Amino acid sequence: MHRQRIVWWAVFAALSAPLAWLGVLAATDGLGANPIEFVTRYLGDWALRALLAALAPTALNILFGWTGAVRLRRMVGLYAFAYAVLHVSSYVVLDQFFDWAAIWADVIKRKYITAGMATVAILSLLAATSWAGAVRRLGAKTWKRLHRGVYAAALLACLHYAWMVKADLTGPALHAAVLAVLLGVRMAAFTKKRLTPLRPR
Ligand code: HEM
């Protein structure tokens, strides 16, 4: 129990650190020649990293039986949502200056923005139903099905990144590879469970 709490705080600190660092960079004139682009991209990067990290506890549980890791899932997922909201806010406020017509034109014209928007929509739904009461209200089965949407969100976020990048696809490919491993572990466990015949009593 004590160790569990230390791990929780360590993960909390690790996920808060990038935001604190961004604050340091902003305060010390360290955002480079194009600060708006820097901030938007930085927050997008951390939204995607946190989203992939939110899938890791399930994989660790399947592979090594680390049930404790599953308790971190909610906090890490909410961090991914928070970074995504900050990333989108940076785009809406700093990049587009609340020009809703231009934003709408972007959503329709640029498929990477459409994918980003779909990701945020899914993450919002998951964040809104992340509290214990939602599990009771929806029923455990429906809640579980709904929260499998996190894999769709991760897939869309990787597409958003890949479609945004014009030349060097190394970054998107690395993130997609991590997602492929995490999704692969989840699917393998799912298939194994389905194929395992019921033991005769
Ligand atoms: C309405 C939703 C979204 C919008 C409008 C949006 C917008 C953008 C824009 C404009 C950029 C390019 C920044 C630039 O070059 O100046 C970008 C990059 C990026 N976004 Fe989003 N985004 C959205 C959702 C998301 C979500 C939900 C994630 C992850 C969970 C995400 C992850 C990223 C990543 C990883 C990059 C690339 C950063 C880099 O180049 O290092 N975005 N996004």
Side-chain angles (χ1 to χ4, degrees), residues 1-18 44-85 115-116 118-162 169-201:
M1 183 66 196
H2 187 60
R3 210 185 68 174
Q4 180 79 35
R5 198 165 281 183
I6 294 172
V7 172
W8 196 95
W9 280 106
V11 173
F12 179 83
L15 289 167
S16 308
D45 280 340
W46 280 102
L48 181 53
R49 283 170 198 158
L51 186 52
L52 293 177
L55 306 179
T58 302
L60 290 174
N61 187 23
I62 292 168
L63 291 173
F64 309 111
W66 291 354
T67 46
V70 175
R71 286 191 208 127
L72 300 167
R73 217 164 33 179
R74 180 167 174 263
M75 185 244 297
V76 182
L78 286 174
Y79 255 102
F81 176 64
Y83 275 111
V85 169
T119 314
V120 171
I122 296 174
L123 291 181
S124 306
L125 198 64
L126 301 185
T129 55
S130 65
W131 50 298
V135 186
R136 251 182 288 118
R137 284 189 187 196
L138 293 171
K141 211 170 166 186
T142 309
W143 187 89
K144 266 192 175 176
R145 274 198 193 143
L146 179 69
H147 278 252
R148 267 184 220 140
V150 70
Y151 290 96
L155 205 68
L156 281 166
C158 284
L159 272 179
H160 168 70
Y161 191 6
L169 279 168
T170 316
L174 281 175
H175 287 81
V178 173
L179 174 61
V181 171
L182 294 167
L183 190 59
V185 171
R186 183 70 189 85
M187 298 259 284
F190 188 71
T191 315
K192 196 175 153 201
K193 203 170 151 193
R194 288 217 140 177
L195 294 180
T196 308
L198 290 174
R199 274 196 212 126
R201 291 178 187 217

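This is a predicted model, so every value here is computed, not measured.
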Discussion item. For V150 and L51: C-alpha separation, side-chain torsions, deciding distance, then whether side-chain contact (heavy atoms from CB on, under 4.5 Å) applies.
Written reply: CA-CA 8 Å; V150 70; L51 186 52; 3.9 Å; yes
Work out which heavy atom in [X] is nearest to a heavy atom in [Y]; give both atom names and the distance.
X: P18; Y: Y83; value: CB-OH, 3.5 Å
X: A154; Y: L55; value: CB-CD1, 4.0 Å
X: A53; Y: P57; value: O-CD, 3.1 Å
X: I122; Y: A152; value: CD1-CB, 4.2 Å
X: A153; Y: L123; value: CB-CD2, 4.0 Å
X: A47; Y: A84; value: CB-N, 3.6 Å

Which residues pass the ring-ring contact (aromatic ring centres under 6.0 Å, His included) test with [X], sequence neighbours left out?
X: F12; value: W8, W9, Y79
X: W66; value: F64
X: Y161; value: H175

Quick one: [atom1] on [X] to [atom2] on [Y], what's the gap to the nearest 0.5 Å?
X: L52; Y: L48; atom1: CG; atom2: CG; value: 4.5 Å
X: R74; Y: L126; atom1: CZ; atom2: CG; value: 12.5 Å
X: Y151; Y: L179; atom1: OH; atom2: CG; value: 9.0 Å
X: T129; Y: L146; atom1: OG1; atom2: CG; value: 4.5 Å

Worksheet item: T67: what forms a side-chain hydrogen bond (donor to acceptor under 3.5 Å, both in side chains) with it, not counting sequence neighbours?
Response: none
Discussion item. Applying side-chain hydrogen bond (donor to acceptor under 3.5 Å, both in side chains), can you list everything that pairs with S130, at least two apart in sequence or on another chain?
Written reply: none
Worksheet item: Is the count of non-hydrogen atoms from other residues, nucleotides or ligands lying under 6.0 Å from R145 atom CZ greater than 12?
Response: no
Worksheet item: How would you list all residue pairs meeting ring-ring contact (aromatic ring centres under 6.0 Å, His included) that involve residues 124-145, not counting sequence neighbours?
Response: W143-H147
Worksheet item: Is it true that the side chains of T58 and R73 contain a donor and an acceptor less than 3.5 Å apart?
Response: yes
Practice prompt. Check step by step if side-chain contact (heavy atoms from CB on, under 4.5 Å) holds for L15 and V11.
Written response: CA-CA 6 Å; L15 289 167; V11 173; 3.9 Å; yes
